[in-house]
Amino acid sequence: MERQLELGLQPLLDEFGLTIEQWRIMAALRAEPGQPMSVLAESAVLPAASLTRHVDKLVERGLVLRRIHPDDKRRIVAALSPVGGTVAERLGGVQRELEGELAKYFQMEIRERSSSATQR
């Protein structure tokens, strides 16, 4: 199902010049803004080394903001910028539509297989 989502999102990702990894970072930040980088790596399911590279690119493009944690000066937190939030909202809407379509497809497939199995 994950691969079908990626394929469905690819035209919009291309339009915004984003990779699927960058979208996972933005989706994680949309769900929970202000995540420390260590938590964000887990949320986006990315190794810390590649997370930093992807976040750097998102910061350069003005989609993500990175700040020093207010309570712990040794930690960095990230959040979507206003522009990043708009992009994430649009991509998130398309992802929800795709997930709904895929869920309907799989439910229909399960019913058809169940029906054919009981008819044997």
Side-chain angles (χ1 to χ4, degrees):
M1 187 161 148
E2 174 118 2
R3 185 68 183 137
Q4 285 86 0
L5 277 174
E6 287 180 20
L7 290 172
L9 285 172
Q10 198 59 57
L12 198 53
L13 291 171
D14 291 344
E15 180 182 325
F16 288 116
L18 296 170
T19 64
I20 194 67
E21 294 83 7
Q22 290 168 337
W23 165 236
R24 289 201 320 248
I25 292 166
M26 292 178 71
L29 290 174
R30 182 171 170 254
E32 188 181 331
Q35 291 187 47
M37 297 294 278
S38 58
V39 174
L40 182 55
E42 289 178 29
S43 300
V45 193
L46 289 169
S50 65
L51 173 77
T52 300
R53 183 171 28 91
H54 288 298
V55 170
D56 286 347
K57 288 183 181 179
L58 292 168
V59 168
E60 287 172 18
R61 295 193 49 213
L63 299 171
V64 169
L65 305 170
R66 199 171 20 202
R67 301 282 186 259
I68 295 172
H69 192 284
D71 298 329
D72 184 349
K73 305 295 183 216
R74 298 167 295 169
R75 294 173 68 191
I76 303 293
V77 294
L80 293 173
S81 70
V83 172
T86 301
V87 170
E89 191 63 39
R90 183 150 173 229
L91 277 160
V94 170
Q95 181 173 331
R96 282 188 300 277
E97 288 174 19
L98 288 167
E99 287 170 346
E101 290 171 16
L102 286 170
K104 287 178 191 173
Y105 169 79
F106 286 121
Q107 288 170 352
M108 186 176 66
E109 187 74 19
I110 289 168
R111 277 194 297 265
E112 287 176 8
R113 289 183 185 197
S114 300
S115 175
S116 67
T118 56
Q119 291 175 359
R120 289 184 199 163

Let me check something: any side-chain donor-acceptor pairs from residues 76-86 under 3.5 Å, sequence neighbours excluded? List them with distances.
residue : atom : partner : partner atom : Å
Ser81   : OG   : Gly62   : O            : 2.5
Ser81   : OG   : Leu63   : O            : 3.3
Ser81   : OG   : Val83   : N            : 3.4
Ser81   : OG   : Gly84   : N            : 3.0
Thr86   : OG1  : Pro82   : O            : 3.2

List in chain and number order the residues that pass salt bridge (charged side-chain N to carboxylate O under 4.0 Å, His left out) with [X], two or more places apart in sequence or in another chain; answer none if no residue qualifies.
X	value
Arg30	Glu89
Arg61	none
Asp72	Arg74

Single-linkage hydrophobic cluster Met37~Val45, side-chain heavy atoms < 4.5 angstrom: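 No, because Met37 and Val45 fall into different hydrophobic clusters, even though each may have its own neighbours under 4.5 Å.
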Applying the 4.5 Å side-chain criterion to the ILVMFWY set and letting contacts propagate, would Leu46 and Val39 be lumped into a single cluster? no
Atom pair CG/CG of Leu91 and Leu13 - distance to nearest 0.5 Å: 5.5 Å
Spacing of CD belonging to Glu101 relative to CD belonging to Glu99, to within rounding of 0.5 Å: 11.0 Å
I'd like to know if Glu21 pairs up with Lys57 as an ion pair, taking the criterion as any Lys NZ or Arg NE/NH1/NH2 lying under 4.0 Å from an Asp or Glu carboxylate oxygen. no
Would you tell me whether Glu6 and Gln10 have side-chain atoms, one donor and one acceptor, within less than 3.5 Å of each other?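 Checked: Glu6/Gln10 side chains show no N/O donor-acceptor pair below 3.5 Å.
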Can Ser43 and Glu32 be counted as having a side-chain donor-acceptor contact under 3.5 angstrom? no
For residues 35-45, the salt bridge (charged side-chain N to carboxylate O under 4.0 Å, His left out) pairs (sequence neighbours left out) are none
With sequence neighbours excluded, give me every salt bridge (charged side-chain N to carboxylate O under 4.0 Å, His left out) pair touching residues 76-88.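 Residue pairs with at least one partner in residues 76-88: there are none.
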Please lay out, stage by stage, how Gln22 and Phe16 fare under the test side chain to side chain contact (heavy atoms under 4.5 Å, CB included). CA-CA 11 Å; Gln22 290 168 337; Phe16 288 116; over 6 Å; no
Has Ile20 got more than 12 heavy atoms of other residues, nucleotides or ligands less than 6.0 Å from its CD1?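 Enclosed.
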Least distance between heavy atoms, [X] atom then [Y] atom:
X	Y	value
Arg66	Thr52	NH1-O, 4.4 Å
Pro36	Arg75	CG-NH2, 2.8 Å
Leu9	Leu98	N-CD1, 3.7 Å

